[in-house]
Amino acid sequence: MKGFIDWVFDLSNSMASSSRPLLGTAPFSREHDNHSQAPALPEPVARSEAPCSTSGDVETQPPISQQQTPLESLYQSSIDLNEKKHNPLAKIGDLQVQFLRLVQRFGQSQNNILVSKVLYRVHLAMLIRAEESELKTVKLKQDKAKALAREQESSGVPELDFSLRILVLGKTGVGKSATINSIFGQSKSETDAFQPATDRIEEVTGTVSGVKVTFIDTPGFHPPSPSSNRLNRKTLLSIKRYVKKRPPDVVLYLDRLDMIDMRYSDFPLLNLITEILGAAIWLNTILVMTHSSVASEGRNGQSVNYESYVGQRMDVVQHYIHQAVSDTKLENPVLLVENHPSCRKNPAGEYVLPNGQVWKPQFMFLCVCTKVLGDVQSLLRFRDSIGLGQPSSTRTASLPHLLSVFLRRRLSSGGDEAEKEIDELMDSELEEEDEYDQLPAIRILGKTRFEKLSKSQKKAYLDELDYRETLYLKKQLKEECRRRRDEKLNEEENLTEQSDQAAVPLPDMAGPDSFDSDFPAHRYRCIATGDQWLVRPVYDPQGWDHDVGFDGINIETAAKVKKNIFASATGQVSRDKQRFTIYSETNAAYTTDSRIQTFSVAADVQSSGDDLVCSFHGGTKLKTFNHNTTDLGVALTSFGGKYYLAGKLEDSLLVGKRVKLTVNAGQMKGSGETAHGGSFEASIRGRDYPVRNEQIGVTMTALSFNRELVLNWGLQSQVRPTRDTNVDVNINMNNRKMGKINVKLNSSEHWEIALISAFTIFKALMRRKKVASEITNESEEEL
């Protein structure tokens with residue numbers, strides 16, 4: 001399920017875009033300190049002085065009045081105090097008022113694109129979490145908040161209670177302490193142009209425009225090198241321990257704009273920060289570029305536009321951050337800073353950048369926006385928080401997903417379900433004489449004689465061979481069914497003798513196409529032994545070149561404990577460089593002597609991300625009619641420290657031998673939430689089924705959760721249009737206009753298809769090469 005902030009960002013793309021989007025989260029609150037035994041730096045020192053105001057504070061705060069204005073009284077009377085204490089929407093309403101007051105205080109217009117984006121995202125968040133009865137109230141709150149903010153800011157009642165806690169990271173000498181001093185307008189942190197001025201974590205506290213600001217000043221990182229990696233790791237572990245107690249609202253990563261070029265080599269440092277502090281550190285990080293008033297020069301030394309100059313260098317930094325988090329969707333906000341005394345100033349004494357921007361108010365306001373978005377996410381407790389990194393093949397379980405898996409899960413009723421169904425279909429034909437034995441003999445033609453036949457004769461000859469092949473396969477299938485029937489009769493009469501079965505090698509599993517070991521005899525093989533344990537390797541058919549594709553082990557076993565009791569177990573364990581996955585199923589079934597009713601129990605364990613999903617199933621299957629089966633099931637699922645209880649009812653009807661209908665409905669509850677679902681499946685089999693597995697199936701499912709309904713339909717078909725051609729089609733679509741179409745075609749006679757595919761791939765590669773060449777030429781012309 002998509003993260004909330006991700007979803008909101010997608011919705012807001014239709015609005016006017018700013019330089020970089022805002023992000024807000026609290027990455028440290030969920031971090032686990034895996035390096036607690038590492039040596040620590042000296043204990044941090046907290047330092048605070050009397051609050052100060054910036055030179056840009058042109059407004060004087062009026063005296064606090066003891067009487068609230070009528071507008072405020074009207075607003076406050078509409079919200080019960082107890083409700084405000086427990087209702088997150090009421091808390092967000094207060095946060096909105098504080099934000100709008102800060103908008104006025106920092107001299108920003110409410111029509112500013114940054115302000116509009118924050119208000120829009122907060123409004124969407126409130127609508128998502130609001131109950132149906134609260135929707136009208138939410139729509140009115142924003143207008144009331146604007147009026148109340150103007151009233152409170154003009155009267156100064158109540159006093160603004162808003163604070164910022166900012167973590168400052170960066171290499172030695174980039175200007176971390178100097179930037180802190182510039183924000184406060186006075187020297188609060190020591191600076192030194194020739195050696196590191198900060199050797200321990202320090203808290204620097206002050207007041208800017210009535211906002212309490214606490215900077216967590218940290219020791220600078222050393223330039224990446226084999227010798228400095230240990231020192232940087234030690235510094236980061238100390239920072240991690242420090243911020244774990246009180247997570248910051250905003251993270252600043254500082255670097256020098258004039259030191260960034262195509263030879264920029266800080267990726268090892270960025271990767272180390274991601275490794276120790278976690279990828280989520282970058283979600284609420286603002287990139288601060290110091291020394292931003294330097295002359296802008298291109299690669300060839302010519303002067304270039306300032307905005308282009310900044311954009312080129314920020315693309316380099318952002319590129320390495322993308323590599324560190326393995327995600328190219330992340331875009332960090334950027335702030336340009338200049339602390340040198342010779343930098344141009346406006347009449348108010350504030351530093352002005354070459355693009356005419358006064359960076360100090362923008363600095364504070366962007367930090368405020370980031371904190372507001374993070375507080376909204378924290379108050380509404382969105383479960384699906386934003387994540388970074390490559391998409392994981394392991395699907396994280398949610399309540400609708402758990403219900404969907406439960407509805408698809410079929411409890412075993414003993415033995416192979418597919419074999420039982422085939423035996424039932426072939427039961428009426430077992431006593432009949434095989435049609436294949438009644439066929440007259442046919443002469444097999446060689447290639448030379450076959451080529452002499454006319455086109456119609458070739459077709460008739462091949463059709464006859466195909467017909468005989470189908471009858472022969474049917475004969476083999478009937479013989480297998482008779483063998484299984486005789487074994488059951490012998491078992492019931494206690495005539496079977498226990499004997500040791502010799503190990504039988506199984507066919508080799510298909511490995512990757514590029515398997516070319518120097519010792520081809522060293523292949524992974526598996527055998528079926530008499531102890532009923534089957535052990536096989538798990539292959540990845542899409543493995544890398546020259547890779548055996550061996551990823552794990554699969555173990556299966558099945559046994560008949562007593563006459564009517566059957567048990568089976570399946571397990572698979574695999575591991576790659578990043579994660580360890582496990583999946584296991586155990587089943588036990590008891591069938592009554594009349595074979596009409598079956599009782600089953602099962603236990604499943606499956607890894608989902610870093611957690612395990614444990615499920616315990618129970619059910620009964622009743623065969624009401626000859627071709628009708630009713631299944632009633634219950635399940636208890638444990639995941640993430642929560643428990644979910646589910647139940648379902650399913651009915652299957654076989655119409656003749658070719659049409660099968662299945663319908664089910666179920667419900668799952670847990671942690672105060674409920675999900676409902678159901679599905680309908682219809683399949684039409686080919687006339688030669690089960691000899692040839694040709695069928696067309698239609699599936700429709702519905703899932704309801706949190707007043708949202710998701711409808712999904714699918715089409716699966718396996719057809720054989722000609723003798724040498726197989727077509728598999730799989731189509732899935734839902735009511736959210738998302739889906740997937742997969743078509744697989746196997747043919748041994750239409751080799752033209754392969755040529756068409758090769759030509760299409762070659763054409764696409766040439767087009768991509770041409771586009772890349774045009775982009776390179778345009779870049780060179782710009783420079």
Q: Write down the atom of Val115, the atom of Ser109, and the distance for their closest heavy-atom approach.
A: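 That closest heavy-atom pairing would be CG2-O, 3.6 Å.
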Q: State, without any angle test, whether Asp217 and Ser177 hold a side-chain donor-acceptor pair at a distance under 3.5 Å.
A: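 A pair is found: one side chain offers a donor N or O, the other an acceptor, under 3.5 Å apart.
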Q: So, do Phe221 and Ile273 sit near enough that their side-chain heavy atoms are less than 4.5 Å apart?
A: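 Heavy-atom side-chain distance check passes, below 4.5 Å.
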Q: Does Ser404 use its side chain to pair, donor to acceptor, with the backbone of Pro400 at less than 3.5 Å?
A: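 No: the side chain of Ser404 does not pair with the backbone of Pro400.
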Q: Indicate whether any N or O donor in one side chain lies under 3.5 Å from an N or O acceptor in the other, for Asn332 and Thr285.
A: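 Checked: Asn332/Thr285 side chains show no N/O donor-acceptor pair below 3.5 Å.
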Q: Please examine the side chains of Asp266 and Lys171, heavy atoms only from C-beta on, and report whether any two atoms are closer than 4.5 Å.
A: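 The answer is yes; the side chains approach within 4.5 Å.
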Q: Could you grab the distance from atom CD of Gln667 to atom CG of Leu645, nearest 0.5 Å is fine?
A: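 Gln667 atom CD to Leu645 atom CG measures 9.0 Å (nearest 0.5 Å).
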Q: For residues Val250 and Cys367, report the shortest heavy-atom separation together with the two atoms involved.
A: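 Taking Val250 first and Cys367 second, the nearest heavy atoms are CG2-O, 3.5 Å.
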Q: Quick check against the 3.5 Å criterion: does Glu338 have a side-chain atom that pairs as donor or acceptor with the backbone of His340?
A: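 It does hold such a pair.
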Q: What pair of heavy atoms forms the shortest contact from Lys176 to Thr218, and how long is it?
A: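 For Lys176 versus Thr218, the nearest heavy atoms are CE-O, 3.3 Å.
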Q: When rounded to the nearest 0.5 angstrom, what distance separates CE in Met733 from CG in Asn735?
A: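 These two atoms lie 10.5 Å from each other.
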Q: How far apart are the closest heavy atoms of Lys345 and Gly349, and which atoms are they?
A: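 Taking Lys345 first and Gly349 second, the nearest heavy atoms are CD-O, 3.8 Å.
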Q: How many angstroms lie between CD1 in Ile321 and OG1 in Thr328, if you round to the nearest 0.5 Å?
A: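 Between Ile321 CD1 and Thr328 OG1, I get 13.0 Å after rounding to 0.5 Å.
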Q: Is any side-chain heavy atom of Leu119 closer than 4.5 Å to one of Lys146?
A: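 Lys146 reaches Leu119 side chain to side chain.
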Q: Parallel, tilted or perpendicular, judged at 30° and 60°: which one describes the rings of Trp282 and Tyr253?
A: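 The arrangement is perpendicular - the two ring planes meet at more than 60°.
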Q: Treating Ser638 as the side-chain partner and Tyr643 as the backbone partner, does any N or O pair qualify as donor plus acceptor under 3.5 Å?
A: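 It does not hold such a pair.
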Q: Hey, are the side chains of Thr179 and Phe363 touching, using non-hydrogen atoms and a 4.5 Å cut-off?
A: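 Yes, their side chains come closer than 4.5 Å.
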Q: Mind checking whether Leu95 and Val122 have side chains closer than 4.5 Å, heavy atoms only?
A: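 No; the side chains remain at least 4.5 Å from each other.
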Q: Under the 3.5 angstrom rule, does the side chain of Arg344 hit a backbone N or O of Leu353 as a donor-acceptor pair?
A: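 Pair found, side chain donor or acceptor close to backbone of Leu353.
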Q: Among Lys371, Arg165, Lys212, which residue meets the salt bridge (charged side-chain N to carboxylate O under 4.0 Å, His left out) test with Asp249?
A: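 The option that passes is Lys371.
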Q: Considering only heavy atoms from C-beta outward, does the side chain of Tyr306 approach that of Leu336 to under 4.5 Å?
A: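 The answer is yes, as the side chains (C-beta and beyond) meet within the 4.5 Å cut-off.
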Q: Using modelled atom types only, decide if a donor and an acceptor are shared between the side chain of Asn706 and the backbone of Glu708 within a distance under 3.5 Å.
A: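 No, because the side chain of Asn706 does not come within donor-acceptor range (under 3.5 Å) of the backbone of Glu708.
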Q: Passes side chain to side chain contact (heavy atoms under 4.5 Å, CB included), Tyr644 versus Val613? Steps please.
A: CA-CA 11 Å; Tyr644 303 94; Val613 181; over 6 Å; no
Q: Using side-chain heavy atoms (C-beta onward) and a distance below 4.5 Å, is Asn339 in contact with Trp359?
A: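 Sidechains of Trp359 and Asn339: in contact.
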Q: So do Thr637 and Met668 actually touch side chain to side chain, heavy atoms under 4.5 Å?
A: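 The answer is yes, as the side chains (C-beta and beyond) meet within the 4.5 Å cut-off.
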Q: Return yes if some donor-acceptor pair links the side-chain N/O of Gln98 with the main-chain N/O of Asp161 below 3.5 Å, else return no.
A: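 Yes, Gln98 side chain to Asp161 backbone: donor-acceptor pair under 3.5 Å.
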Q: Verify, without hydrogens or angle tests, whether Arg105 (side chain) and Ser209 (backbone) share a donor-acceptor contact under 3.5 angstrom.
A: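 Present.
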Q: With distance as the sole test, does Thr370 use its side chain to make a donor-acceptor pair with the main-chain N or O of Asn284 at under 3.5 Å?
A: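 Between the backbone of Asn284 and the side chain of Thr370 there is no qualifying donor-acceptor contact (under 3.5 Å).
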Q: Which heavy atom of Ala149 sits nearest a heavy atom of Arg101, and at what distance?
A: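 The pair with the smallest heavy-atom distance is O-CG, 3.7 Å.
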Q: What residue among Leu252, Ile201, Ile166, Val168 forms side chain to side chain contact (heavy atoms under 4.5 Å, CB included) with Ile216?
A: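 With Ile216 as partner, side chain to side chain contact (heavy atoms under 4.5 Å, CB included) holds for just one option, Ile201.
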